[in-house]
Amino acid sequence: SNMIKATVGILTFNSAKYLYHCLNSVKKFSEILIIDGGSKDNTLKIAKKFKCKIKQQPKQFKFSNNKIRDFAKLREYILKLSKNELVLFLDSDEFLKKSALKKIDFYSKSQVSKKKYYSFLLGRFPIHKNKIITQKTIFYPNYQERLFYKSNIKTFVKPVHERVIPKSKYLMKKKIENASIIFPLDINYQRLYEKCKYYFEIEKTMVSRKKFLNSLKFIFYRFLVIMKYIYIGLFLNSKRLDKDYKDFEYKLVKIHLFFSFKLLFKTFS
């Protein structure tokens with residue numbers, strides 16, 4: 001079986017629950033990098049089964065409570081470590097659909113694409129009650145830049161919701177259709193709140209009166225995203241999704257609004 005000349009980078013911390021599924025979906029990649037935060041469960045055992053290269057998350061990118069403080073720096077760290085030109089970032093609870101492998105294999109070999117593109121966007125679809133949700137939800141269509149030619153990347157910016165800067169302004173990004181990432185939807189309110197609160201802690205370091213306009217731009221953008229959520233949630237989805245899911249979307253919007261206002265107050269205070 002031919003290996004794909006690409007690297008996949010995965011951040012883990014006690015990720016045993018979904019990791020087997022995740023790694024099984026990328027076992028054709030010639031290099032799998034696991035950047036671990038000190039897992040105490042079976043994470044590393046599973047990683048060794050798939051012959052992953054395992055590295056520890058560098059202390060300087062973390063808070064004292066072991067949580068990641070700077071995702072952008074970790075992305076750059078993964079690019080540096082990778083021995084392949086084409087690098088995919090995957091979360092430990094995500095998995096790649098089989099149809100994506102052919103495309104990634106193609107881009108790993110294509111010299112033409114390497115001259116033209118610096119990154120590729122892959123669609124992400126949630127699984128809810130054993131069904132992949134493909135209709136429009138507030139998460140979908142959610143395309144994210146996940147696949148990169150490392151030589152074409154200058155840097156990543158912003159410690160959370162990180163953005164990538166290409167080496168040259170002539171390089172483009174490309175949306176790849178039918179090459180999707182699937183992830184299990186976690187509709188637990190408490191975990192959702194904790195996650196947003198954690199991102200808020202990082203975002204707080206990004207906003208200040210010193211960078212007033214940048215901060216406002218960042219917050220304004222967050223409100224726009226929330227408006228989009230509300231529009232899709234209220235108007236496009238009212239009939240089609242089950243009650244659990246609708247309820248979840250409603251809570252999500254509420255949490256996002258709460259933390260966006262908190263950021264706004266932080267900027268003005």
Side-chain angles (χ1 to χ4, degrees), residues 9-15 33-39 55-81 87 89-94 118-119 121 124 138-139 142-146 148 150 153-167 173 183 186 188-229 251-269:
I10 303 166
L11 300 174
T12 55
F13 177 63
N14 293 339
S15 309
L33 295 174
I34 294 281
I35 315 297
D36 188 65
S39 295
K55 292 268 190 224
Q56 290 303 308
Q57 292 168 10
K59 284 272 187 289
Q60 68 264 34
F61 308 146
K62 298 173 84 165
F63 290 116
S64 55
N65 68 359
N66 191 39
K67 287 219 157 126
I68 294 165
R69 193 186 61 193
D70 196 330
F71 285 93
K73 293 272 191 295
L74 264 170
R75 301 261 178 241
E76 288 171 1
Y77 178 68
I78 290 171
L79 287 187
K80 252 203 222 66
L81 287 175
V87 181
F89 291 121
L90 208 56
D91 290 348
S92 61
D93 65 346
E94 294 177 332
Y118 66 95
S119 82
L121 293 96
R124 288 176 79 244
I138 65 175
F139 287 123
N142 173 1
Y143 278 85
Q144 292 183 357
E145 284 185 86
R146 290 299 194 90
F148 303 92
K150 84 178 205 177
I153 302 301
K154 184 169 155 189
T155 181
F156 280 87
V157 292
K158 298 202 302 191
V160 67
H161 319 297
E162 55 288 357
R163 247 185 0 155
V164 64
I165 310 288
K167 282 234 168 94
K173 48 184 171 191
F183 66 99
D186 184 358
N188 177 291
Y189 185 75
Q190 197 48 43
R191 281 194 296 265
L192 204 66
Y193 181 85
E194 289 304 322
K195 191 178 175 174
C196 286
K197 184 168 179 258
Y198 159 48
Y199 285 161
F200 171 70
E201 292 305 320
I202 306 178
E203 285 164 354
K204 259 186 358 199
T205 66
M206 294 161 58
V207 302
S208 68
R209 284 176 75 167
K210 275 202 312 289
K211 305 185 285 244
F212 190 69
L213 279 173
N214 273 351
S215 300
L216 279 188
K217 210 167 77 184
F218 170 64
I219 294 164
F220 175 69
Y221 175 72
R222 282 208 43 167
F223 277 110
L224 274 183
V225 169
I226 294 167
M227 294 332 289
K228 188 185 99 177
Y229 279 4
K251 284 175 184 154
L252 193 72
V253 166
K254 218 167 63 178
I255 292 173
H256 276 298
L257 273 174
F258 172 71
F259 283 110
S260 297
F261 276 114
K262 258 182 100 138
L263 269 187
L264 200 57
F265 286 127
K266 175 98 186 82
T267 308
F268 281 103
S269 59

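In this chain, residues are counted from 1 in sequence order.
Taking the side chain as every heavy atom from C-beta outward, Phe13 and Asn66 approach each other to under 4.5 Å. Inter-residue side-chain proximity for Phe183 and Arg124 is flagged as met; some heavy-atom pair is nearer than 4.5 Å. Side-chain contact between Asp36 and Gln56 is present, with heavy atoms from C-beta onward closer than 4.5 Å. Counting heavy atoms from C-beta outward, Cys196 and His256 have side chains that approach closer than 4.5 Å. Contact annotation: the side chain of Leu121 approaches that of Lys173 to within less than 4.5 Å [non-hydrogen atoms, C-beta and beyond]. Residues Val87 and Ile153 form no side-chain contact, since every pair of their non-hydrogen atoms from C-beta on lies 4.5 Å or further apart. When side chains are defined from C-beta on, Val160 counts as touching Met206, because their heavy atoms get closer than 4.5 Å. Residues Glu203 and His161 have side chains in contact (heavy-atom distance under 4.5 Å, counting atoms from C-beta outward).
The two residues Ile10 and Asp91 come nearest to each other via the heavy atoms CG2-C, 4.2 Å. Shortest non-hydrogen contact noted between Ile202 and Arg69 is CG2-O, 3.6 Å. Between Leu11 and Ser92 the shortest heavy-atom distance is O-CB, 3.8 Å. Scanning both residues, Ala72 and Lys158, for their nearest heavy atoms gives CB-O, 3.2 Å. The heavy-atom pair separating Ile78 from Gly9 by the smallest distance is CG2-CA, 4.0 Å. Considering all non-hydrogen atoms of both residues, Leu90 and Arg146 come closest at CA-NH1, 3.8 Å.
With a 6.0 Å radius and a threshold of 12 heavy atoms from other residues, nucleotides or ligands, Lys251 has its NZ atom above the threshold. Heavy atoms of other residues, nucleotides or ligands lying less than 6.0 angstrom from CZ of Phe258 number more than 12. The environment of Lys167 atom NZ is dense: over 12 non-hydrogen atoms of other residues, nucleotides or ligands sit within 6.0 angstrom. Applying the 6.0 Å contact sphere to CZ of Phe220 captures no more than 12 heavy atoms from other residues, nucleotides or ligands.
The CD1 atom of Ile255 sits 4.0 Å away from atom CG of Leu192, with the distance rounded to the nearest 0.5 Å. Distance check: Tyr199 OH to Leu263 CG gives 14.5 Å after rounding to the nearest 0.5 Å. The CG atom of Asp93 sits 8.5 Å away from atom CG of Asp186, with the distance rounded to the nearest 0.5 Å. With values rounded to the nearest 0.5 angstrom, Met227 atom CE is found 7.5 Å from Leu257 atom CG. Atoms OG1 and NZ, on Thr267 and Lys204 in that order, are 11.5 Å from each other to the nearest 0.5 Å. A distance of 12.0 Å separates CD of Gln57 from CG of Asp70, quoted to the nearest 0.5 Å.
The existence of a salt bridge linking Arg75 and Glu145 is excluded, since no basic side-chain nitrogen approaches an acidic carboxylate oxygen closer than 4.0 Å. For the pair Glu194 and Arg191, the salt-bridge criterion is not met [side-chain N within less than 4.0 Å of a carboxylate O].
Between the side chain of Tyr198 and the main chain of Ile68, a donor-acceptor pair closer than 3.5 Å is present.
The aromatic rings of Phe200 and Phe259 are tilted relative to each other, their planes meeting at an angle between 30° and 60°. Classified by interplanar angle (parallel below 30°, tilted 30° to 60°, perpendicular above 60°), the ring pair Phe89/Phe156 is perpendicular.
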- Item | CA sep, side-chain torsions, deciding dist, call: Phe61, Glu76, side-chain contact (heavy atoms from CB on, under 4.5 Å) | CA-CA 11 Å; Phe61 308 146; Glu76 288 171 1; over 6 Å; no
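For Tyr77 and Phe71, the distance between ring centers is not under 6.0 angstrom.
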